[in-house]
Every structure is written in C-alpha cells, then in structure tokens.
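I have placed the structure first, in the form of structure tokens, so that the comments after it can refer back to it.
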Amino acid sequence: MEEIRTRFPPSPTGYLHIGGARTAIFNWLFAQKTGGKLILRIEDTDEERSSEESIQGIIESLKWLGITWDEGPYFQSRFINEHLAAARKLLESGHAYKCFCTKEELDRKREEARKKKADFQYDGTCRNLTPKEVAEKEAAGVPYTIRLKVPRGEGFVGFEDIVYGIIEKKYEDIEDFVIVRSNGRPLYILSNTVDDIRDRITHVIRGQDGLANTPKQILIYKALGALVPKFAHMSLTLDPKKAKISKRTHGELVAVSFYREHGFLPWAFVNYLALLGWSTPDSREIFSKEELIKAFSLQGIGRANAVFDFRKNDPKFFTDPKAISVNTHYIRNLPVEEIEPYVRAELEKAGIWDPDFQGAKRDWFLRTVDLIRTRYHVTTDFATLGRAYFSDDYPIDPKALKKNILKHEGFKEWFPVLADRLQAIKAFTVEEAEKVIRETAEEFGIKAGILINGIRTTVTGQAVGPGLFDVLIAVGQSRVVERLRKSVIFFE
RNA sequence: GUCCCCAUCGUCUAGUCAGGUCCAGGACACCGGCCUUUCACGCCGGCAGCACCGGUUCAAAUCCGGUUGGGGACGCCA
C-alpha cells in the first residue's frame with residue numbers, strides 16, 4: 001500500500017495559534033494512526049511578513065505540544081524556481097497564458113463591480129490574445145502575470161472531501177486566476193500545490209477556509225498531470241462571537257505559548273484541542289497519547305464550526321472552562337512523577353526551587369505535590385497557591401487573615417501555646433498533632449475549627465487547603481512551630 | 001453582490017449516511033444535597049437543546065424543499 005503523507009505548512013508571520021495547532025495535531029494524529037509521515041513545511045514566501053523569530057516560535061510551540069514530524073522543516077522559498085518551472089510548463093502545454101492587464105486596471109474594474117453589487121471575475125481579456133499580440137507586448141516590455149486557463153463551458157470540478165463529502169464547483173464560477181505575479185514571483189496557490197506534489201502529499205488536511213481554493217488547486221494538479229491527493233477539510237475554530245480566530249483580533253489569548261505560560265500541561269492542551277471539532281461515537285473525552293492515536297479518524301471530524309469559548313475578563317476562568325477542566329483532570333490524575341517536571345519548572349520560575357527536591361527531599365516533594373494538587377487547575381498554582389509548602393517566604397491572603405485570625409483576639413495567646421505544645425511532640429504524626437490541637441481547643445473552651453482554620457492560614461497563608469493535620473506533617477514540625485511563633489505580629 | 005459550507009443544551013458534542021429502541025445521551029459550566037476543620041476531590045440529584053415553516057411517511061433530530069441564522073472564500077497575501 002502507498003505510504004500516507006500529510007503536511008503542516010504554517011506561514012511564519014507570527015506565533016502558532018490554536019487554529020494552526022489544531023491543524024497540526026490532526027495531521028500528526030492521522031500520520032501516527034496510519035503509520036504515515038508528517039512533513040513540516042514553512043511557507044515563507046511572503047517576503048514582507050515572514051520572520052526568523054516566528055519560525056523559531058512555531059517550532060518551539062510544536063515541540064512543546066509534542067508534535068513530531070518526519071521530514072522538514074522544508075522552506076518554500078527554496079523552491080521558487082521549481083514553482084516557476086511548473087508555470088512555464090503550464091504555459092507551454094497551453095494550460096496557462098500571459099496576462100498583460102495591469103493591477104490598477106483590474107482593481108478599478110473590481111471596485112466598479114463591487115459598487116454595482118455585481119460579481120467580479122477576470123474577464124479573460126488576455127486569454128484570447130494572438131501569439132503575435134503576445135509577442136508584441138512582450139517585445140514592448142509590458143509586464144505580465146500568468147493565469148491558469150480554466151476550462152470554459154458546461155462542466156465542473158468535483159472531488160470527494162473526506163469530511164464534507166462531494167463538493168462540485170462549476171467552471172463558470174472559477175475565474176482564470178493568477179499563478180505568477182508580474183514581478184515574476186509565484187503565488188501561494190501554485191507554490192503550495194507544486195510543493196505538495198513534490199513532497200508526495202497523499203492527504204491534505206486543513207481548515208475549511210481552504211475549501212474554496214481546492215477546486216482551483218485540483219485544476220493545477222490536473223494541468224500538471226499530477227495525481228490529486230485526498231482532501232479533508234476541518235471545521236474552523238471560532239471565538240465566542242463566532243468570528244474566525246485570528247492573531248490580529250485575539251492577541252496572545254489564542255497563542256499556544258500563552259497556554260504554556262499559564263500552566264497548561266502540553267498533552268492536556270492537545271487533548272482539549274482534539275475535542276474541538278472532533279469526537280468519537282461514545283463522546284469520550286480523555287485520551288492518553290496512544291489512546292488518541294488509536295481512536296482518531298478523519299470521519300470523526302465535525303462539519304460545524306466549533307467555538308473556542310475563552311472568557312476574557314472572567315474572574316473565574318481565564319480561558320475556555322473546558323480547556324481548564326481537561327488540564328485539571330491531568331494535574332489530578334496523572335502519576336505524580338509525570339507532573340513533577342512541570343511543577344519543578346514553575347518553582348524554578350518563581351525562584352523557590354531547591355535542588356534537594358529531586359535529591360534527598362524527593363519523596364517529601366512528591367508526597368506534597370500529591371497532597372495539594374487536587375484543588376489546582378494549572379501548574380502555576382503550585383508556585384502561587386502552593387508557595388508556602390516550598391518556601392518560607394510566602395504571602396498571607398488578607399481575607400483569610402481577617403476571617404480566620406484577626407476575628408479572634410485569642411490567637412494572641414493561643415499561637416504561642418500551640419507552638420510550644422506542637423514543638424513538644426516527640427513523634428510528629430497526623431494523629432499526635434490532631435490530638436494536641438483538639439485538646440488545646442477544649443482547654444480554651446473553643447471549637448477546634450477555630451484553631452484549625454487559624455493555623456491553616458498562618459502556616460499556608462490561605463483559608464483553603466488540604467486537611468490541616470496533613471498540612472502540618474507536610475510543612476514539618478519545626479517550620480510549623482516557627483510560623484506559629486511569628487504569627488503574633490499579626491496583632492501588632 | 002457571487003460561490004461554497006454549516007445548523008442538537010450557555011460551550012464541546014453523541015445520535016443524522018442505513019427514519020422507529022431518542023418525550024434526545026455524555027462532558028464542561030451552573031444550581032442543590034451528602035461527606036467535612038476550610039476549600040477541593042468524590043458521590044447523588046437538578047437546570048438546559050433537535051433554529052423555523054412546509055412536505056414525504058404508520059412513524060422524522062434523522063429524508064426532501066424553503067426560510068432564517070452563522071461561517072468561509074471571492075487579492076499580482078499565505
């Protein structure tokens with residue numbers, strides 16, 4: 001059987017955004033699933049907007065997501081001569097012709113048509129130029145573009161899209177489109193097709209916005225005598241207002257790097273993105289990498305566009321709640337060793353990483369991560385909400401301070417007593433700590449909850465967290481005692 | 001304006017190709033309860049949808065037509 005080859009061809013005009021990432025993921029999944037190859041091709045032929053920085057950023061984002069490619073990156077700009085050779089071939093075989101119309105003239109006609117609310121198509125002025133006329137214009141040095149000669153009369157270009165089914169477009173609805181500019185540079189529609197032919201792409205998996213281009217490209221394949229690949233167009237990703245996601249209007253909120261910086265586990269993000277516009281008959285949502293590859297199929301891609309429901313300025317969610325929930329799932333359920341490197345990265349970023357955490361204190365570290373992770377949503381939480389476990393320099397949440405400590409003047413005397421008694425414990429265990437604290441509460445004639453919540457706030461800086469006695473063991477006897485002693489300053 | 005695509009809970013979706021088993025299933029979010037030293041987790045329960053109109057049929061979310069709505073493409077950008 002023929003080898004399956006897919007490609008991901010980003011144009012390096014900015015960061016990788018979620019739409020591009022999704023396209024890359026689907027191509028990658030299909031290649032993995034079928035034992036095929038994924039080709040990475042940088043379409044850097046837009047001289048104005050392409051940048052090296054963007055190329056690096058895109059590659060970095062792909063790597064972070066865990067998307068691997070088998071060939072490339074190839075650079076489209078290196079193959080311009082090949083694109084032009086194809087155009088010459090089309091000229092010679094009579095599938096294309098030189099057009100001497102000026103851009104200004106065409107722009108004017110287009111504008112005129114738009115005003116009259118009429119359809120505009122190139123009128124084919126130069127299509128019927130005699131060889132003599134062409135020669136004269138050329139001799140006079142009139143610049144020209146090269147247009148593909150689209151078949152005229154009845155008939156249509158048809159193909160069967162793997163996702164959308166049979167698509168047919170009448171010849172009369174396709175104009176003789178430009179494939180080479182008057183400055184001699186090829187256009188995307190030509191370059192992209194020639195590259196796909198050279199790279200022996202068998203399956204073009206791309207956004208639905210490429211659907212309208214497909215009949216034109218098929219015409220090029222046929223004129224060049226090349227085999228037409230299979231096409232699978234995927235539904236688009238829309239913003240909450242149903243507009244196409246774009247770097248321009250959504251900024252960093254749609255950048256893959258944004259999610260990396262905000263504490264997403266790469267696989268969780270891939271898993272979530274796969275769910276946008278793709279599903280299995282059983283509506284399953286959580287997949288390991290192996291499971292996703294196994295479950296993936298192009299037929300599972302939906303035809304209706306999907307909304308990436310990010311919430312700008314939402315106090316509770318900084319992006320699509322579903323994306324966060326998938327991430328949360330992984331943070332809570334993955335073997336703790338698998339999230340260890342990500343927690344480490346966050347602690348390093350926060351400047352509170354201790355090398356012992358992967359040496360002498362590794363057991364403690366893993367146990368602590370495991371203890372606190374059930375209420376975290378993103379890996380950055382370990383360095384913010386969880387800071388007190390890993391560093392002695394941590395902030396006290398003012399609300400918690402007010403509610404759990406300042407409300408009870410008694411802590412002025414309770415904290416020192418608790419510090420003494422906890423320090424006196426020989427074997428510092430959950431049971432012992434609990435016993436001491438409950439007895440102390442009884443002695444003072446108050447509810448244990450008051451002491452428990454006050455201690456939690458002092459020791460962790462927060463009103464919420466794991467069961468207090470587990471917290472005390474995690475933080476450790478000496479640090480707990482120290483923190484309690486220092487707490488009298490809250491009343492100064 | 002022309003061409004193309006799409007239409008199930010707020011969001012992601014199953015079900016549509018092969019009409020009955022769907023007074024529509026799951027997930028997220030939301031609400032309530034249990035658990036509890038707090039917050040989570042977990043468990044239990046709830047809210048909420050087949051865009052509309054017509055047709056075919058014994059029977060339609062599923063098939064057909066139209067309407068409306070949404071999206072995309074119409075560049076000498078990629």
Side-chain angles (χ1 to χ4, degrees), chain A residues 9-13 43-46 48-50 76 99 101-103 106-107 110 113-121 143-147 161 164-165 167-170 172-175 177-189 191-192 207-215 233 235-236 238 240 242-244 272 275-286 302-309 311 316-317 320-326 328 332 372-376 400 403-404 434 437-438 441 447-453 455-457 462-469:
Chain A
S11 59
T13 56
E43 303 211 324
D44 57 346
T45 40
D46 183 330
E48 297 294 304
R49 300 186 297 157
S50 296
Q76 186 164 68
C99 172
C101 298
T102 65
K103 186 173 192 317
L106 294 172
D107 283 348
R110 187 177 294 115
R114 213 175 55 82
K115 267 188 200 145
K116 284 193 294 196
K117 291 197 184 287
D119 181 30
F120 177 79
Q121 266 200 19
Y144 60 86
T145 60
I146 298 176
R147 289 180 183 271
D161 189 88
Y164 286 96
I167 306 281
E168 292 173 349
K169 182 123 177 163
K170 295 203 266 304
E172 63 182 57
D173 289 326
I174 309 173
E175 69 170 356
F177 55 94
V178 178
I179 55 177
V180 178
R181 296 181 180 83
S182 55
N183 66 7
R185 299 179 61 88
L187 255 79
Y188 160 79
I189 192 125
S191 301
N192 180 262
Q208 194 234 71
D209 45 357
L211 200 55
N213 257 335
T214 308
H233 286 89
S235 49
L236 264 23
L238 271 26
K242 307 245 177 169
K244 192 174 146 187
Y272 164 73
L275 260 25
L276 269 186
W278 174 84
S279 60
T280 54
D282 61 356
S283 294
R284 184 173 168 193
E285 317 223 87
I286 299 295
R303 285 172 289 275
N305 294 337
V307 171
F308 177 51
D309 192 24
R311 317 280 185 88
K316 200 164 172 193
F317 305 100
D320 190 327
K322 185 120 190 178
I324 294 177
S325 84
V326 172
T328 301
R332 290 175 186 163
I372 60 184
R373 65 173 168 166
T374 61
R375 62 217 84 210
Y376 292 169
K403 178 176 155 220
N404 291 337
E434 175 161 11
I437 288 168
R438 288 196 187 279
K447 286 201 288 191
I450 292 174
L451 287 189
I452 287 169
N453 289 327
I455 296 170
R456 175 181 293 109
T457 297
Q462 299 192 308
V464 303
L468 178 74
F469 311 112

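Labels below follow one simple rule: chain letters A, B, ... track the order of the sequence lines, proteins then strands, and each chain is numbered from 1. What you see below is based on every heavy atom in this structure, not just the backbone, and it leaves out hydrogens, waters and symmetry mates.
In a base pair of the Watson-Crick type (N1 to N3 plus N6-O4 or O6-N4) or a G-U wobble (N1-O2 and O6-N3), with each distance short of 3.5 Å, B:A59 is matched with no nucleotide. In this structure, B:C28 and B:G10 make a Watson-Crick or G-U wobble pair, each of the two defining distances being under 3.5 angstrom. The pairing partner recorded for B:A51 is B:U67, the criterion being a Watson-Crick or G-U wobble arrangement whose two distances lie under 3.5 angstrom. In this structure B:C34 sits in a base pair with B:G42, meeting the Watson-Crick or G-U test at under 3.5 Å. Across all strands shown, B:U2 is found opposite B:A73 as a Watson-Crick or G-U wobble partner, with both distances under 3.5 Å. The nucleotide B:C22 finds no pairing partner, because no Watson-Crick or G-U wobble arrangement with both distances shorter than 3.5 Å includes it.
Listed by chain and residue number, A:Lys322 satisfy the salt bridge (Lys or Arg N to Asp or Glu O under 4.0 Å) test with A:Glu285 (two or more places apart in sequence, or in another chain). For A:Tyr376, the ring pair (Phe, Tyr, Trp, His ring centres under 6.0 Å) partners are A:Phe382, not counting sequence neighbours.
Checking B:U11, B:U37, B:C39 against the side-chain heavy atoms of A:Arg375 singles out B:C39 as nearest. Taking the side chain of A:Arg181 as heavy atoms from C-beta on, and the options B:A40, B:A78, B:G75, the nearest nucleotide is B:A78. Nearest to the side-chain atoms of A:Val307 among the listed nucleotides B:C76, B:C12, B:A73 stands B:C12. Closest approach to the A:Glu175 side chain among B:G75, B:C5, B:U11 is made by B:G75 (side chain taken as heavy atoms from C-beta onward). With B:U2, B:U37, B:A40 as the candidates, the nucleotide lying closest to the side chain of A:Leu468 is B:U37. With B:C3, B:U37, B:C5 as the choices, the nucleotide that has an atom nearest any side-chain atom of A:Lys169 turns out to be B:C3. With B:A78, B:C12, B:G71 as the candidates, the nucleotide lying closest to the side chain of A:Asn213 is B:A78.
Among the protein residues, A:Pro466 comes within range of the nucleic acid bases, having at least one heavy atom under 4.0 Å from a base atom. A:Thr374 comes within contact range of at least one nucleobase, with a heavy-atom separation under 4.0 Å. Among the heavy atoms of the strands lying under 4.0 Å from A:Asp119 is at least one base atom, whether or not backbone atoms are also near. Using a 4.0 Å heavy-atom criterion, one finds that A:Gln76 contacts the sugar-phosphate atoms exclusively. Nucleic acid contact class of A:Arg332 (heavy atoms, under 4.0 Å, all strands): sugar-phosphate only. Across all strands, A:Gly467 comes closer than 4.0 Å to base atoms (heavy-atom distances).
Toward the 5' end of RNA chain B, the nearer of the two residues A:Ser182 and A:Lys170, judged by each one's closest nucleotide, is A:Lys170. For A:Asn305 and A:Lys103, each mapped to the nucleotide of RNA chain B holding its nearest heavy atom, the one lying further toward the 5' end belongs to A:Asn305.
Between B:G66 and B:C6, the two P atoms lie 14 Å apart (nearest whole Å). Separation of the C1' atoms belonging to B:C58 and B:G19 is 12 Å when rounded to the nearest angstrom. For the C1' atom pair drawn from B:G71 and B:U62, the interatomic distance equals 23 Å after rounding to whole Å. Spacing between B:G25 and B:G20 at atom P, rounded to whole Å, works out to 16 Å. For the P atom pair drawn from B:C53 and B:C44, the interatomic distance equals 38 Å after rounding to whole Å. Straight-line distance between the P atoms of B:U36 and B:A29: roughly 24 Å, to the nearest whole Å.
Of all non-hydrogen atoms in A:Ala306 and A:Gly277, the two that sit nearest each other are CB-N, 4.1 Å.
When only modelled atom types and interatomic distance are considered, A:Tyr188 and A:Asn213 share no side-chain donor-acceptor pair under 3.5 Å.
Phosphate contact (OP1/OP2 of B:G75, side-chain N/O of A:Arg110, threshold under 4.0 Å): present. Checking the phosphate oxygens (OP1, OP2) of B:G72, no side-chain nitrogen or oxygen of A:Arg303 falls inside 4.0 Å. OP1 or OP2 of B:G70 has not a single side-chain nitrogen or oxygen of A:Lys244 nearer than 4.0 Å.
Annotation: side chain of A:Phe177 is not in contact with side chain of A:Leu187 (no heavy-atom distance under 4.5 Å).
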Could you go over nucleotides 22-31 of chain B and give all protein N or O partners under 3.5 Å, atom names and distances?
{"from": "B:G25", "atom 1": "N2", "to": "A:Ser283", "atom 2": "OG", "distance (Å)": "2.8"}
{"from": "B:A27", "atom 1": "O4'", "to": "A:Glu285", "atom 2": "OE2", "distance (Å)": "3.1"}
{"from": "B:A27", "atom 1": "O2'", "to": "A:Glu285", "atom 2": "OE2", "distance (Å)": "2.2"}
{"from": "B:A27", "atom 1": "O2'", "to": "A:Lys322", "atom 2": "NZ", "distance (Å)": "3.3"}
{"from": "B:A27", "atom 1": "N3", "to": "A:Lys322", "atom 2": "NZ", "distance (Å)": "2.7"}
{"from": "B:C28", "atom 1": "O2'", "to": "A:Lys322", "atom 2": "N", "distance (Å)": "3.4"}
{"from": "B:C30", "atom 1": "OP1", "to": "A:Lys316", "atom 2": "NZ", "distance (Å)": "2.3"}

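Shown here is A:Arg375, whose CZ atom has more than 12 heavy atoms of other residues, nucleotides or ligands within 6.0 Å.
Between the base of B:C76 and the side chain of A:Arg185 there is no donor-acceptor pair shorter than 3.5 Å.
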